[in-house]
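Taking it in order: structure first as C-alpha cells, then the write-up.
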Amino acid sequence: MPELPEVESVRRQLAPRLVGLAIDRVEADPAMPRYLRPTDAEGLTITSVERRGKYLVASLEDALDLILHLGMTGVLRWRDEDGWEPDAYVRASLHMVDPDGRPAILDFRDVRRFGTLAVTRHGEHDELPTLAALGPEPLGEDFTLAGFAAALRATGQQVKPFLLSQRPVAGVGNIYADEALWRARIHPASRRVGRARSDRLHAAIREVLAEAIEREGTTFRDYQMVNGASGRNAAFLVAYGQEGKPCPRCATAMRKTTIGGRGTTYCPGCQR
DNA sequence: AGCTTGTCCTGACTGC
DNA sequence: TGCAGTCAGGACAAGC
C-alpha cells in the first residue's frame, strides 16, 4: 500500500530520467473508470515530477498535469529493464524515447485496479476530490502545530479515520497512521485530541515518514520501486501488522481491531 | 455539511 | 485436494 514514503521513493528514482522526455504515446486500458484522458499527454514533454501526498504529479508542456496514484498495488517499471517484463496486470504504458534514441517504456502494473491515471489542466484537480482538498505536506513548513491542532479540534471524527482522509495532513495511510499514533501514545479511536497530544502526533507523523523515506519505504507485499527493489522499513514497524507482539514501550500485547472500517493495530496499554 | 458506511478489485489466505 | 468464504485498503459515492 504505497503511502507518502513509498511514492516519494518512486518519485526519486523516476524524476531524473523522466524530466525532459516527451510522451509519444499512451496505452491505457479503456475499461478503467479512474483513467481520465490519459492520451491527452501524447506529444508533450515532461517538465517536472513532483509529489503531493500519495499522488505523483508530472508537469507537462501546455500547462497540463499528468497525475498518477498507485492505489493499493500500483507499481511502475521500465519495460525490459531490471528483470521486468510486462504481464497481464499492466494497465497503462507511457511510450517515450531516451536522449540516446532508445525507446523508454514506463509500465504501470496494478493488480487490484485501484490506481488513478489522469491528465488535467495544471492545478485543476476538481475531478480528484481528495487531491483537491489535500492537507499540507507533512514534511513542509505549511504543516504547523497550530494548524494541525485546530484541524483535530474542529473534526468530530475519530483521529485515525481523520488522518486517513488526507485532510489534516497529506500522505498518511494505514501503516504510518498506526505507527504515528503508537509513537504519540494516542488511541486511534480518540475523538478528542488536545494540544499536547496533537503536538506529539505532529512530531510522530514527521518522524515515521522521514525515517521510512530514508529506508525507501515499507514493502509488506506489493510495493516495489521502479528498479524492482523493496523498501527496507518493514523490519522497523512496531504497530502495523504486529498484532500479538509485545509493545516495545510497555510490553502489553499489541491488539488488532477495526476502526473506520480499517484494520488497526495499537497498544491497549499505553495508547489512550 | 460532515460523519459513516459500502463499493470497487483480485490474489492470498483460512477452514472444512 | 478443492473450493467457498474472508481479508487486505486506497479513494470516493451514497446515505444518514
Side-chain angles (χ1 to χ4, degrees), chain A residues 1-11 28-36 38 51-57 65 67-76 87-92 108-118 120 125-135 138 150-181 188-193 209 212 217-224 231 233-234 237 239-244 254-266:
Chain A
M1 45 235 77
E3 305 177 27
L4 187 150
E6 290 73 36
V7 179
E8 177 62 20
S9 299
V10 168
R11 189 198 70 79
D29 184 343
M32 297 292 293
R34 303 170 93 108
Y35 291 3
L36 308 175
R51 179 192 54 70
R52 274 289 281 137
K54 307 173 195 172
Y55 295 83
L56 279 172
V57 182
D65 289 339
I67 297 164
L68 186 78
H69 194 296
L70 299 173
M72 278 285 296
T73 54
V75 167
L76 292 169
D87 60 15
Y89 302 111
V90 173
R91 314 296 182 192
F108 181 35
R109 182 180 195 262
D110 184 19
V111 172
R112 284 186 214 177
R113 301 176 188 257
F114 281 8
T116 298
L117 179 62
T120 72
H125 302 145
D126 48 302
E127 291 171 294
L128 302 157
T130 301
L131 176 58
L134 199 61
L152 287 171
R153 201 184 316 120
T155 187
Q157 273 185 281
Q158 296 172 315
V159 59
K160 180 176 173 182
F162 189 48
L163 289 176
L164 296 184
S165 77
Q166 307 299 300
R167 284 181 284 131
V169 61
V172 176
N174 210 34
I175 294 175
Y176 300 109
D178 278 3
E179 295 299 310
L181 288 164
S190 173
R191 292 180 194 272
R192 300 230 202 284
V193 178
L209 295 178
T218 300
T219 298
F220 222 76
R221 179 171 300 164
D222 298 297
Y223 164 69
Q224 55 181 242
N233 194 60
L237 299 179
Y240 182 87
Q242 308 306 306
E243 179 190 10
M254 300 292 289
R255 180 182 297 168
K256 183 166 183 183
T257 183
T258 300
I259 293 171
R262 292 293 166 250
T264 299
T265 307
Y266 69 103

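Here is the naming used below: chain letters follow the sequence lines, and residue numbers restart at 1 for every chain.
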Bounds of contact between DNA chain C and chain A, in 5' to 3' order, using a heavy-atom cut-off under 4.0 Å: dA8(C) to dC12(C)

Going by side-chain hydrogen bond (donor to acceptor under 3.5 Å, both in side chains), name the residues that satisfy it together with Gln158(A), two or more places apart in sequence or in a different chain. none

So what is the end-to-end bend of the helix from dG2(B)-dC16(C) to dC16(B)-dG2(C), with 5 pairs used at each end and the value given to 10 degrees? 50°

Using a heavy-atom cut-off of 4.0 Å across all strands, would you classify Phe220(A) as base, sugar-phosphate, or nothing? nothing

Using a 4.0 Å heavy-atom cut-off, does Thr155(A) contact any base of the nucleic acid, only the sugar-phosphate backbone, or nothing at all? sugar-phosphate

Sequence neighbours left out, what passes salt bridge (Lys or Arg N to Asp or Glu O under 4.0 Å) with Glu243(A)? Give chain and number order. none

With a 4.0 Å cut-off on heavy atoms, is Leu128(A) in touch with a base, just the backbone sugar-phosphate, or nothing at all? sugar-phosphate

Those residues that, when tested against Thr120(A), pass side-chain hydrogen bond (donor to acceptor under 3.5 Å, both in side chains) (two or more places apart): none

DNA chain B: first to last nucleotide in contact with chain A (atom under 4.0 angstrom from a heavy atom), 5' to 3', is dC3(B) to dA12(B)

Remember a base hit wins even if backbone is also touched, and classify Arg262(A) as base, sugar-phosphate or nothing at under 4.0 Å, heavy atoms. base

Pair Phe220(A) + Tyr240(A): ring centers closer than 6.0 Å: yes

Relative to the 5' end of DNA chain B, which residue comes earlier, Val111(A) or Gly156(A), by the nucleotide with the nearest heavy atom? Gly156(A)

Which salt bridge (Lys or Arg N to Asp or Glu O under 4.0 Å) pairs, counting each pair once, include a residue from residues 165-176 of chain A, with sequence neighbours left out? none

Pair listing, salt bridge (Lys or Arg N to Asp or Glu O under 4.0 Å) test, anchored in residues 150-159 of chain A, at least two apart: none

Is Lys54(A) salt-bridged to Glu3(A), going by a charged N under 4.0 Å from an acidic O? no

Residues at least two apart in sequence or cross-chain that pass salt bridge (Lys or Arg N to Asp or Glu O under 4.0 Å) with Asp126(A), listed by chain then number, are none

Holding to side-chain hydrogen bond (donor to acceptor under 3.5 Å, both in side chains), I want the full list of residues that pass it with Asn233(A), two or more places apart in sequence or in another chain. Arg215(A), Thr218(A)

Applying side-chain hydrogen bond (donor to acceptor under 3.5 Å, both in side chains) to Thr264(A) and not counting sequence neighbours gives Lys160(A)

Using ring pair (Phe, Tyr, Trp, His ring centres under 6.0 Å) as the criterion, list what pairs up with Phe162(A), not counting sequence neighbours. none

Tell me what Gly261(A) touches on the nucleic acid: a base, only sugar-phosphate, or nothing, going by heavy atoms under 4.0 Å. nothing

